[in-house]
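Comments concern the structure below.
Letters go in sequence order (proteins before strands), and every chain restarts at 1.
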Number of protein chains: 2
Amino acid sequence: MDAFAQPRYEARARIAKALSHPTRLLLLDALRQKDLCVCEMTELAGVDQSTVSKHLAILKDAGLVAVAKRGSMSVFSVRCQCLDGFFRCIEAVLEQNLKAQQEIVGS
Amino acid sequence: MDAFAQPRYEARARIAKALSHPTRLLLLDALRQKDLCVCEMTELAGVDQSTVSKHLAILKDAGLVAVAKRGSMSVFSVRCQCLDGFFRCIEAVLEQNLKAQQEIVGS
DNA sequence: TGCCTTCATGGTTATATTGCCATAAAGCAC
DNA sequence: GTGCTTTATGGCAATATAACCATGAAGGCA
């Protein structure tokens, strides 16, 4: 790989990696509806609060969410509208894979 | 997490995970220009041939690329147009992060 | 046939990720 | 002040990922 291209692809991969865990996708989906604090998301995700906190830190480091302190609570919000494009792409791949599976079964 | 939602998010995450490595992003970018065989991509990526082969297997398992045998060569191609949406999303996040960085420095 | 190219896969090691528990910091109420 | 809530972080164990090397299978050609 080109030495100039490498950091570029690494930066992209860091973003994609933040989007590559089911719990983080769930949290992002929920945050797209409305802003939420950690304890609400802990309930939603059904895993330990520390686990949720770490997932949110990963999303925050990637620049995907923002956090605002409200008293003792941390309220998170999505930081970009562009996630639509990402989710649509994933859905399209899943649909396509499903269709391919059905063709195999049907043949 | 809802027991019904879980497999859904896991399926999404599998696709996203396939997109979360710099070498795989490079390969996909190259394949968006034109179909390529493994040896060409090995040259491009600058890593071991077996490494490229494994990365391609991951992309194939995710349904992101297709492979066609041509003699002793395996020619890969992108399998969905939707990747534009994905890449645009990543670029938007990167741009936004860069802008935020500049604001911090500039303040 | 023999030789070369192309590719996929098993083995191994190093590193990264993920989950929980325990804990500590900070805000709020009393 | 004491408590309770909310959150972030260190520690640790289990698992996953990724790189290389070595090898073997299959195609093409002389």
Side-chain angles (χ1 to χ4, degrees), chain A residues 1 3 6-7 9-28 30-31 34-77, chain B residues 1 3 6-7 9-28 30-31 34-77:
Chain A
M1 171 153 22
Q6 186 149 13
Y9 284 111
E10 281 171 0
R12 289 186 186 184
R14 265 192 296 274
I15 311 290
K17 191 174 292 187
L19 292 163
S20 72
H21 190 283
T23 299
R24 291 197 287 272
L25 292 180
L26 168 77
L27 297 179
L28 273 179
L31 287 174
K34 75 186 185 81
D35 298 356
L36 294 166
C37 68
V38 178
C39 61
E40 288 171 312
M41 289 186 272
T42 299
E43 187 107 2
L44 260 178
V47 293
D48 195 85
Q49 173 268 319
S50 68
T51 300
V52 171
S53 203
K54 284 178 183 175
H55 280 308
L56 289 167
I58 289 169
L59 291 174
K60 183 166 156 292
D61 286 347
L64 292 166
V65 303
V67 59
K69 281 287 198 189
R70 274 185 83 93
S72 65
M73 300 196 308
S74 293
V75 178
F76 285 79
S77 54
Chain B
M1 171 154 21
Q6 185 149 14
Y9 284 110
E10 281 171 359
R12 288 185 186 185
R14 265 191 297 275
I15 310 289
K17 191 174 293 190
L19 291 163
S20 72
H21 190 283
T23 299
R24 291 197 287 272
L25 293 181
L26 169 77
L27 297 179
L28 273 179
L31 287 174
K34 74 186 185 82
D35 299 355
L36 294 166
C37 66
V38 178
C39 61
E40 288 171 311
M41 287 186 274
T42 299
E43 187 106 3
L44 259 179
V47 294
D48 195 86
Q49 174 267 319
S50 68
T51 301
V52 171
S53 204
K54 284 178 184 175
H55 280 308
L56 288 168
I58 289 169
L59 291 174
K60 183 166 157 292
D61 286 348
L64 293 166
V65 302
V67 59
K69 281 287 197 188
R70 273 185 84 91
S72 64
M73 298 196 308
S74 294
V75 178
F76 285 79
S77 54

- B/His21 NE2 to C/dT15 P, straight-line distance once rounded to whole Å: 15 Å
- Message: Looking at every non-hydrogen atom in both residues, tell me the closest pair between B/Met73 and B/Cys37 and how far apart they are.
- Response: SD-SG, 4.0 Å
- Query: Under 4.0 angstrom, heavy atoms only, what part of the nucleic acid is B/Ser74 near: base, sugar-phosphate, or nothing?
  - Reply: sugar-phosphate
- Message: Could you report the tightest heavy-atom contact between A/Asp35 and A/Glu40, atom names first, then the distance?
- Response: O-OE1, 4.5 Å
- Atom CE of B/Met1 and atom P of C/dT18: how far apart are they, to the nearest Å? 13 Å
- Does the side chain of A/His55 get closer than 4.0 angstrom to OP1 or OP2 of C/dT17 through an N or O atom? no
- Query: Reckon B/Arg24 touches a base, only the sugar-phosphate, or nothing at all at heavy-atom distances under 4.0 Å?
  - Reply: sugar-phosphate
- Bounded by its outermost nucleotides with an atom under 4.0 Å from a heavy atom of chain B, the footprint on DNA chain D reads D/dT17 to D/dG28
- When the distance from CG of B/Leu59 to C1' of C/dC7 is rounded to whole Å, what number comes out? 16 Å
- Query: Any side-chain heavy atom of A/Ile58 sitting closer than 4.5 Å to one from A/Arg24?
  - Reply: yes
- Query: Any sub-3.5 Å donor-acceptor pair from B/Thr42's side-chain atoms to B/Val38's backbone N or O?
  - Reply: yes
- With distance as the sole criterion, do the side chain of A/Ser50 and the base of C/dC21 form a donor-acceptor contact below 3.5 Å? yes
- Message: Measure NZ/A/Lys54 against P/C/dG19 and give the value in whole Å, please.
- Response: 10 Å
- Task: Might you point out which heavy atoms bring A/Ile15 and A/Ala62 nearest each other, and give the distance in Å?
- Result: CD1-O, 3.4 Å
- Item | Distance in angstrom units between A/Gln49 CD and C/dT23 C1', rounded | 11 Å
- Query: Choosing from C/dC20, C/dT5, C/dT18, which nucleotide comes nearest the side chain of A/Val47?
  - Reply: C/dC20
- Item | Proximal nucleotide (of C/dC7, C/dT18, C/dC20) relative to the B/Lys69 side chain | C/dC7
- Task: Could you give me the CA-CA distance, side-chain angles and deciding distance for B/Thr51 and B/Thr23, then say whether side-chain contact (heavy atoms from CB on, under 4.5 Å) is met?
- Result: CA-CA 10 Å; B/Thr51 301; B/Thr23 299; 5.8 Å; no
- Message: It should be established whether B/Ser72 places a side-chain nitrogen or oxygen under 4.0 Å from OP1 or OP2 of nucleotide C/dT6.
- Response: no
- Residues of residues 35-45 of chain A with a heavy atom under 4.0 Å from any atom of DNA chain D, listed by number, are A/Cys37, A/Val38, A/Cys39
- Item | Distance-minimising heavy-atom pair for B/Leu36 and B/Ala30 | CD1-CB, 3.7 Å
- Pairwise 5' ranking along DNA chain D for B/Arg70 and B/Asp48, keeping only the more 5' one: B/Asp48
- Note on the structure: Ranking A/Lys17 and A/Thr51 by the position along DNA chain C of their nearest nucleotide, the one closer to 5' is A/Lys17
- Item | B/Lys69 and B/Ser74, any side-chain heavy atoms less than 4.5 Å apart | yes
- Heavy atoms of B/Leu25 and A/Ala13 approach each other most closely as CD1-N, 3.5 Å
- Query: Separation of A/Met73 atom CE from C/dA26 atom C1', in whole Å?
  - Reply: 14 Å
- Which atom of B/Leu28 lies closest to which atom of B/Leu19, heavy atoms considered: CD1-CD2, 3.3 Å
